[in-house]
Amino acid sequence: MSSTITQQPESTTQIVRPARSFQGSVTVPGDKSISHRYAMLAGFAEGTSRLANFSTGADPHSTLACMEALGAKVVKGPGTSVEVTGVAGAFQQPKAELDCGNSGSTMRMLAGLIAPHPHTFTMIGDHSLTMRPMERIRKPLAAMGARIDLVDGHAPMTIHGGPLKAIDFETPIPSAQVKTAVLFAGLQAEGTTSLSEAVRTRDHSEHALKAFGATLTRANETLSIAGGQRLKAIDATVPGDISSAAFFLCAALLFPDSNLVLDSVGMNPTRASLLDVITTLGGKIKVLTVEERHGEMIGTIQVNRDEAGLKGAEISGALSAQIIDELPVIAAIAPYTRDGVTIRDAKELRVKESDRIALVAKNLKVMGAEFTEYEDGLAIPGNQQLHGAEIDSGSDHRIAMAFAVAALRASSENIIHGAEAAAISFPEFFPFLNELSKR
Ligand code: S3P
């Protein structure tokens with residue numbers, strides 16, 4: 001065991017010039033959330049899973065590295081495909097810490113999957129991940145009988161694994177990561193675990209568990225999973241990441257003659273409320289094709305801007321939880337709308353890879369925008385012209401990309417510091433943005 005924190009990558013800068021239109025066709029890389037789940041369950045299952053269009057983001061590759069350390073065999077390529085040979089239900093004692101890098105999903109969801117195994121696991125992350133709340137995972141897993149040590153509620157997290165028993169759990173915060181940790185532990189516990197959520201969060205884990213052969217039932221809002229289940233390898237294709245596509249959807253809203261086609265993008269209903277918000281803001285969305293694979297909807301969509309222009313939106317309640325990852329980019333384009341954008345009930349944004357409310361506010365301010373900051377959101381009036389500025393990504397991928405989009409309609413060029421963070425979920429972002437932006 002060597003260290004308790006991951007090394008940060010070197011900071012790089014990107015210059016983004018204003019554009020006059022946004023046009024073209026693009027296939028965004030595989031979904032980050034689904035790639036994590038397929039990698040984890042493939043690593044746990046018996047047999048070799050072939051995962052096509054696996055995310056190119058650094059986060060799901062942190063998960064793959066952890067699965068290798070736990071005894072799974074991972075072969076990358078050709079292209080973005082990955083082959084994972086699982087441990088048939090028995091993880092091995094890792095020789096070193098499990099390095100989760102910047103990935104909250106890896107640390108939280110994997111904790112549930114490994115806690116029932118009779119080993120000691122230490123999970124570490126980078127500076128950002130070490131600041132993020134982990135008590136939300138420790139609590140339900142401890143109720144199942146797991147012994148987990150944290151440092152003031154944070155990583156490094158040490159799990160003293162062993163047999164778990166089922167619980168009935170009501171998620172106190174809307175979090176798919178917490179739900180997943182409990183389902184992954186419940187899969188291996190003694191008895192039947194039941195779980196209910198006040199706000200329905202993304203259901204990729206439910207679809208993935210079923211795809212790998214688990215039985216999982218839903219009665220009204222309660223999910224049940226029996227313990228002692230074995231999983232079998234699958235061949236699967238990961239849908240394109242709608243949260244990556246969100247940057248281009250918002251960019252397309254900025255110009256009257258935009259025309260964007262997104263190929264093979266994930267349209268799971270628990271993620272797709274983003275498309276309703278894009279429509280409310282003034283996007284015209286045409287679904288060109290749609291199909292289902294392993295319970296996940298995948299579609300090709302075309303987006304233009306409504307003749308009426310960019311309107312405004314009020315985002316609160318369950319909707320804020322459902323589009324939590326897309327809120328930074330929606331906030332970044334808000335000044336260019338006619339009626340402005342209000343975001344409330346989004347306090348969780350403060351404990352993401354950065355305090356995203358504070359960083360959105362900081363960067364809107366340097367670009368010259370007026371707004372009101374709340375503990376749980378922002379109110380950003382419309383009809384504002386922003387100017388170029390020096391943007392601070394705060395090493396947060398979604399902040400770097402959100403303000404690269406805002407830069408397309410600014411009066412002068414923006415300098416994005418910490419642009420390398422985009423690689424956490426979308427390494428191809430800047431070249432794709434450049435190709436689609438017409439100047
Ligand atoms: C994720 C769930 C969300 C989201 C994160 C990915 C997932 O987090 O913000 O980027 O894959 O389950 P929470 O579940 O903690 O809200």
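Count residues from 1 along the sequence. Remember, it's 1-based here, ligands and their atoms both numbered in the order they're listed.
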Q.
Would His36 count as a contact residue for ligand 1, given that I'm defining contact as a non-hydrogen atom of the residue lying under 4.0 Å from a ligand atom?
A. no

**Q.** atom 8 (O) of ligand 1: nearest protein contact (heavy atom, Å)
**A.** Lys352 NZ, 3.1 Å

Q) Just by distance, with hydrogens left out, do Thr130 and His154 show a side-chain donor and acceptor under 3.5 Å apart? A) no

Q. If hydrogens are left out, which of Gln322, Glu353, Arg202, Arg108 has an atom nearest to atom 2 (C) of ligand 1, that is, the closest non-hydrogen atom?
A. Arg202

Q. What are the atoms of ligand 1, with element, lying closer than 4.0 Å to any heavy atom of Ile324?
A. 9 (O)

**Q.** Which residue and heavy atom of the protein sit nearest atom 14 (O) of ligand 1, plus the separation
**A.** Ala176 N, 2.8 Å

Q) Can you list the ligand 1 atoms lying under 4.0 Å from a non-hydrogen atom of Ser105? A) 6 (C), 11 (O)

**Q.** Protein heavy-atom partner closest to atom 4 (C) of ligand 1 - residue, atom, separation in Å
**A.** Asp325 OD2, 3.3 Å

(Q) Between ligand 1 and Glu348, is the shortest N or O to N or O distance under 3.5 Å? (A) no

Q: Go through the side-chain N and O atoms of Ser33 and His204 and say whether any donor and acceptor fall under 3.5 Å apart.
A: no

**Q.** Non-hydrogen atoms of Arg108 and Pro133 that approach each other most closely
**A.** NH2-O, 2.9 Å

Q | Nearest heavy atoms of Gly125 and Asp99, plus distance in Å | A | CA-OD1, 4.4 Å

**Q.** Exercise: identify the closest heavy-atom pair between Pro239 and Glu296
**A.** CG-CB, 4.1 Å

Q | Smallest separation among heavy atoms of Thr222 and Ser194, with atom names | A | CG2-CB, 3.9 Å

Q | Subset of ligand 1 atoms that lie under 4.0 Å from at least one heavy atom of Lys32 | A | 10 (O)

Q. Pick from Asp31, Asp203, Thr201, Asp325: which one makes a side chain to side chain donor-acceptor pair (under 3.5 Å) with Arg271?
A. Asp31

(Q) Side chain, backbone, both or neither: which applies to Arg37 and ligand 1 if a contact is any heavy-atom pair less than 4.0 Å apart? (A) side chain

Q: Have a look at ligand 1 and work out which part of Ser175, if any, has a heavy atom under 4.0 Å from it: side chain, backbone, both or neither.
A: both

Q. Does at least one non-hydrogen atom of Thr201 fall below 4.0 angstrom from an atom of ligand 1?
A. no

Q) Which residue supplies the protein heavy atom nearest to atom 11 (O) of ligand 1, what is that atom called, and how far is it? A) Ser33 OG, 2.7 Å

Q) Shortest non-hydrogen contact from Leu183 to Ser205? A) CD1-CB, 4.4 Å

(Q) Test of understanding: given a 4.0 Å heavy-atom threshold, classify the contact between Lys179 and ligand 1 as side chain, backbone, both, or neither. (A) neither

Q: Heavy atoms only: give me the nearest Ser425-Ser55 pair and the separation to one decimal.
A: O-OG, 4.4 Å

